[in-house]
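By convention in this document, chain letters (A, B, ...) are assigned in the order of the sequence lines, proteins followed by strands, and residues within each chain are numbered from 1.
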There are 2 protein chains.
Amino acid sequence: MSHRYARPVPKPAADQAESLQLGVDRSSPVPLYFQLAQQLEAAIEQGRLAPGSLLGNEIDLAKGLGLSRPTVRQAIQSLVDKGLLVRRRGVGTQVVHSQVKRPLELSSLYDDLEAAGQRPATRVVRNAVEPASAEVAAALGLAEGAEVHRVERLRLAHDEPMAYLTNHLPAGLFKPESARLEGTGLYRLMRAVGISLHSARQTVGARAATEAEGQLLAEPPGAPLLTMARTTFDDTGRAVEFGSHIYRASRYSFEFQLLVRA
Amino acid sequence: MSHRYARPVPKPAADQAESLQLGVDRSSPVPLYFQLAQQLEAAIEQGRLAPGSLLGNEIDLAKGLGLSRPTVRQAIQSLVDKGLLVRRRGVGTQVVHSQVKRPLELSSLYDDLEAAGQRPATRVVRNAVEPASAEVAAALGLAEGAEVHRVERLRLAHDEPMAYLTNHLPAGLFKPESARLEGTGLYRLMRAVGISLHSARQTVGARAATEAEGQLLAEPPGAPLLTMARTTFDDTGRAVEFGSHIYRASRYSFEFQLLVRA
DNA sequence: GAGGTCCGATTGTCCGGACAAACCCAGGGC
DNA sequence: GCCCTGGGTTTGTCCGGACAATCGGACCTC
């Protein structure tokens, strides 16, 4: 008991570039820092880089890969921003050991369900152009009475109702066709026509189901519903979508990851 | 109507460094890029930089400030990450014009209420050390039966119950004293003793109130409640807190901002 | 043995430059 | 009038280097 090696992980940290099979392809159009970030992320997810272990120092890593230090730093920084790595001056960069998943995408319910293997289906209940109500106009930044598409959809999983989705889109942005809405999510359609979704503001609450809502979702009146209202903006700051949705609380909940801002 | 100037904002974009009173203090210990970022952010918030307007190009900006381009880029990038600016190659950097607020802090209910001027109050109902249940142990990454602090609090605003908060903390991390919990939020106490909160995983749902829960929150049995379960991690990835909370849906909802990952 | 001090290691900040890629607009060709 | 091409502008990527700030352990002193 005379000797102690208290270092968290006394890893020799030799040529990680080789031991982790890191290496970049300079003929690829993919940026070098991005290639490196992807490889590191894969190594972390597959456990080849153990949680808590130290990454070799930036200078050696750069030398081993034939890159400059700024490029290596850019790669590491992108993973720090994702919450996968933590840097400590004077110590090094280590892998966070926790089940950090994804810091909350701007995701659609459709994609969520599909990723969970839930066989999502959509029934378009309504799809029409109408003048915007005061609430919708305010959310979208339009004049009251301006024309908007109104889309109402029932979302099912395994043939069971999950949620009732009501969306409003400024007319002229693009025309959501019912046939396509049945086969995929709204966001995927919007991205497909070149709208680059950027940010969203959303409110999540709960309330008791009305009679009509109960009918739609196969719940008794008064059953707790999860509500979500969301306004989505493109990268110029224009509001491109306002949705107000209700979910069966017995079947659905929101799960997400938060990162503290530096 | 023969001439059209379709440029979004045909701003001459001369010496913005002067017109916006930008300038850095090289004797300050605050990093240069951070000083610049703060000044730009202030200019945006105060409207001196109008939404949609173009920032002068990076090279001129750097020259005007006596900084290098990488430093200016670092400042701009930090604001892009916050969602305040958008870059377009070949075009320039422009201010997003939308009511982007904050991309969701890891905030405590206490701070939220205080910020809203709601005069929050706390009544500590229970504060004891006990063995961890299976659920708590799993959430905190401890062995079942390991000692944990269990804290139950009733949170009021304007003397009305708002939420009932149940938290579990690994014993030995720090001792949450009831007297201090009455005066502030749990997160503030944890930060004060040097625990650096880093990320959290949370689930938001809804359910009907039980008889006992209704009593606590002054709601009838069966009333819809908003539920939130959260596990918080420090920057080494250790779980430092697990909370499972219920909110009166009639009085409270979650509101937050999402940013799309690049 | 306890405490403070020094020092090597590592990341943080900053510089100056170079070329590539994407975008917008004007001009020319049809 | 319409399409395509070209050039100028601006950001994106990458390099190599320099010094400062911070951390943690080793060493020395008392």
Side-chain angles (χ1 to χ4, degrees), chain A residues 2-14 16 24-37 53-63 65-81 85-94 194 196 235-236 262, chain B residues 3-13 16 24-37 53-63 65-81 85-94 194 196 235-236 262:
Chain A
S2 54
H3 291 278
R4 291 242 192 141
Y5 298 98
R7 266 286 191 105
V9 176
K11 193 158 213 177
Q16 275 183 316
V24 293
D25 173 9
R26 299 196 91 98
S27 68
S28 159
V30 178
L32 303 179
Y33 79 90
F34 194 80
Q35 292 183 37
L36 178 54
S53 64
L54 286 173
L55 222 57
N57 78 58
E58 297 169 353
I59 298 179
D60 291 348
L61 206 54
K63 206 176 300 177
L65 288 165
L67 296 173
S68 71
R69 187 179 164 218
T71 302
V72 172
R73 272 183 73 77
Q74 194 174 1
I76 292 176
Q77 187 58 47
S78 71
L79 297 182
V80 170
D81 291 339
L85 297 176
V86 178
R87 313 172 100 133
R88 267 177 226 280
R89 190 182 327 207
V91 179
T93 304
Q94 44 183 320
S196 69
D235 57 13
T236 70
Chain B
H3 291 280
R4 293 236 191 148
Y5 297 98
R7 266 286 192 104
V9 176
K11 193 157 211 174
Q16 276 184 316
V24 295
D25 173 10
R26 299 195 91 99
S27 67
S28 160
V30 178
L32 303 180
Y33 79 92
F34 194 80
Q35 292 183 38
L36 178 54
S53 65
L54 286 172
L55 223 59
N57 78 55
E58 296 170 351
I59 299 181
D60 291 348
L61 207 55
K63 206 176 300 175
L65 289 165
L67 297 172
S68 69
R69 188 178 163 218
T71 302
V72 172
R73 273 182 73 76
Q74 194 174 2
I76 292 176
Q77 187 59 47
S78 71
L79 297 183
V80 171
D81 291 340
L85 297 177
V86 178
R87 295 205 222 240
R88 267 175 224 280
R89 186 177 344 201
V91 180
T93 304
Q94 44 183 317
S196 68
D235 57 12
T236 69

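Backbone-only contact: A:Arg88 has heavy atoms under 4.0 Å from sugar-phosphate atoms and none from a base. Among the atoms of the strands shown, base atoms are found under 4.0 Å from some heavy atom of A:Pro70.
In this structure, of C:dG12, D:dC15, C:dT13, it is C:dT13 that holds the atom nearest to the side chain of B:Gln74. Distances from the side chain of B:Glu58 to the nucleotides D:dG12, D:dG16, C:dC14 place D:dG12 closest. Checking D:dC15, C:dT11, D:dC14 against every side-chain atom of A:Thr93, the shortest atom distance belongs to C:dT11.
Looking at residues two or more places apart in sequence or on another chain, you find a side chain to side chain contact (heavy atoms under 4.5 Å, CB included) between A:Ser78 and A:Ala37. The side-chain hydrogen bond (donor to acceptor under 3.5 Å, both in side chains) search around A:Thr71 returns A:Ser68, not counting sequence neighbours. By the side-chain hydrogen bond (donor to acceptor under 3.5 Å, both in side chains) test, A:Ser27 is found to be paired with A:Asp25, residues two or more places apart in sequence or in another chain being considered. Contacts of B:Arg73 classified as side-chain hydrogen bond (donor to acceptor under 3.5 Å, both in side chains), with partners at least two apart in sequence or in another chain: B:Glu58. Considering only residues two or more places apart in sequence or on other chains, A:Gln35 meets the side-chain hydrogen bond (donor to acceptor under 3.5 Å, both in side chains) condition with none of them.
In this structure, B:Val72 and A:Gln77 both approach DNA chain C, and ranking their closest nucleotides by distance from the 5' end singles out A:Gln77. Both B:Ile59 and A:Leu67 lie near DNA chain D, and the one whose nearest nucleotide falls closer to the 5' end is B:Ile59.
Between the side chain of A:Arg69 and the base of C:dG12, at least one donor-acceptor pair of N or O atoms lies under 3.5 Å.
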Response to the item:
For nucleotides 4-9 of chain D, 5' to 3', base contacts (B), sugar-phosphate-only contacts (S) and non-contacts (-) with protein non-hydrogen atoms under 4.0 Å give -----B

